[in-house]
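When reading the values below, keep in mind they use all heavy atoms of this one structure, side chains included, and skip hydrogens, waters and symmetry mates. All residue numbers refer to positions in the sequence shown, counting from 1.
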Amino acid sequence: QVQLVESGGGLVQPGGSLRLSCAASGNIFSIDTMSWYRQAPGKQRELVAAITSGGRTMYADSGRGRFTISRDNAKNTVYLQMNSLKPEDTAVYYCKAGIRRRGVTNQETYWGQGTQVTVFS
């Protein structure tokens, strides 16, 4: 089995920064795209940023220019650097990854448990 574990969430003041991490572990053969989503209370879960296995990135308008997604393939880890945080960034942030397990031909989608980010003075 494969699991994703997020870390780095917490309480931060407006204008502050946080760096989220998501590490994949388990019976992994390869990892394709890794991405970050977020979900605020009463709202739909939305894509924040994504990064392919080759390092190509994409951002939702909400975080473009403030957020940076990166990955360390040797560590099976994806990061989300969040700067200039705003109260509207408050949400549970989820890591998502397309992962191929050893001995399994098909890629499967995995989600982390989420980490709370609260931007509040």
Side-chain angles (χ1 to χ4, degrees):
Q1 182 58 24
V2 170
Q3 59 186 7
L4 303 177
V5 180
E6 299 109 329
S7 62
L11 178 65
V12 65
Q13 292 185 316
S17 298
L18 284 174
R19 191 190 194 201
L20 307 183
S21 299
C22 172
S25 62
N27 188 32
I28 297 169
F29 176 74
S30 62
I31 304 177
D32 193 10
T33 299
M34 304 184 82
S35 55
W36 288 96
Y37 287 72
R38 69 186 185 186
Q39 188 166 23
K43 300 189 70 175
Q44 292 277 100
R45 188 171 298 186
E46 64 178 10
L47 176 68
V48 177
I51 183 167
T52 69
S53 61
R56 296 175 183 174
T57 61
M58 57 209 78
Y59 298 91
D61 289 342
S62 59
R64 190 175 291 111
R66 300 185 298 124
F67 296 176
T68 302
I69 189 169
S70 61
R71 66 192 285 168
D72 185 337
N73 290 334
K75 296 180 178 179
N76 290 336
T77 299
V78 63
Y79 306 93
L80 184 68
Q81 177 68 45
M82 303 188 292
N83 299 324
S84 302
L85 284 163
K86 307 172 181 179
E88 51 262 46
D89 294 319
T90 296
V92 177
Y93 284 71
Y94 296 92
C95 176
K96 176 188 174 184
I99 297 175
R100 192 178 178 185
R101 289 183 286 148
R102 296 187 186 278
V104 179
T105 58
N106 291 338
Q107 180 178 288
E108 301 162 303
T109 297
Y110 292 85
W111 289 88
Q113 291 295 119
T115 184
Q116 177 70 47
V117 171
T118 302
V119 185
F120 183 69
S121 61

Is [Y] close to [X] at the side-chain level, that is, under 4.5 Å between some pair of heavy atoms?
| X | Y | value |
| --- | --- | --- |
| Thr90 | Leu85 | no |
| Tyr94 | Gln113 | no |
| Ile31 | Arg71 | yes |
| Arg66 | Tyr59 | no |
| Arg45 | Tyr37 | yes |
| Leu20 | Ser7 | no |
| Ser53 | Ser30 | no |
| Cys95 | Trp36 | yes |

So how far is it from [X] [atom1] to [Y] [atom2], rounded to the nearest 0.5 Å?
| X | Y | atom1 | atom2 | answer |
| --- | --- | --- | --- | --- |
| Cys22 | Met34 | SG | CE | 5.0 Å |
| Ser62 | Asp89 | OG | CG | 7.0 Å |
| Leu47 | Lys96 | CG | NZ | 8.0 Å |
| Leu11 | Gln116 | CG | CD | 9.5 Å |
| Gln107 | Ile99 | CD | CD1 | 8.5 Å |
| Trp111 | Thr109 | CH2 | OG1 | 8.5 Å |

| query | Can you check whether Gly114's main-chain N or O pairs, donor with acceptor, with Glu6's side chain at less than 3.5 Å? | reply | yes
Considering all heavy atoms, the nearest [X]-[Y] contact:
| X | Y | value |
| --- | --- | --- |
| Pro14 | Ser121 | CD-N, 3.9 Å |
| Ser17 | Asn83 | OG-OD1, 2.9 Å |
| Ala40 | Ala91 | N-CB, 3.8 Å |
| Met58 | Thr52 | CE-CG2, 4.2 Å |

| said: Under 4.0 Å between a side-chain nitrogen and a carboxylate oxygen: does that hold for Asp61 and Arg64? | reply: yes
| request: May I ask you to decide whether Arg101 forms a salt bridge with Glu108, counting only side-chain N to carboxylate O separations under 4.0 Å? | output: yes
| task | Show your working on side chain to side chain contact (heavy atoms under 4.5 Å, CB included) between Tyr79 and Arg19 and close with a plain yes or no. | result | CA-CA 7 Å; Tyr79 306 93; Arg19 191 190 194 201; 3.7 Å; yes
| said: Go through it in stages, so that I can follow the logic: the residues are Thr68 and Met82, the test is side chain to side chain contact (heavy atoms under 4.5 Å, CB included), and I'd like the CA-CA distance, side-chain angles, deciding distance and then a yes or no. | reply: CA-CA 7 Å; Thr68 302; Met82 303 188 292; over 6 Å; no
| request: Check whether more than 12 heavy atoms from other residues, nucleotides or ligands sit under 6.0 Å from atom CD of Gln44, and answer yes or no. | output: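 For Gln44, atom CD is not crowded (no more than 12 foreign heavy atoms under 6.0 Å).
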| task | Indicate if Val92 and Leu4 have the same hydrophobic cluster label, given that clusters are the connected sets of ILVMFWY residues with side-chain heavy-atom separations under 4.5 angstrom. | result |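 Different hydrophobic clusters.
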| said: Hydrogens and angles aside, do Thr77 and Asp72 bring a side-chain donor and acceptor to less than 3.5 Å of each other? | reply: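 No.
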| task | Apply side chain to side chain contact (heavy atoms under 4.5 Å, CB included) to Ile51 and Thr33, showing your working. | result | CA-CA 6 Å; Ile51 183 167; Thr33 299; 5.9 Å; no
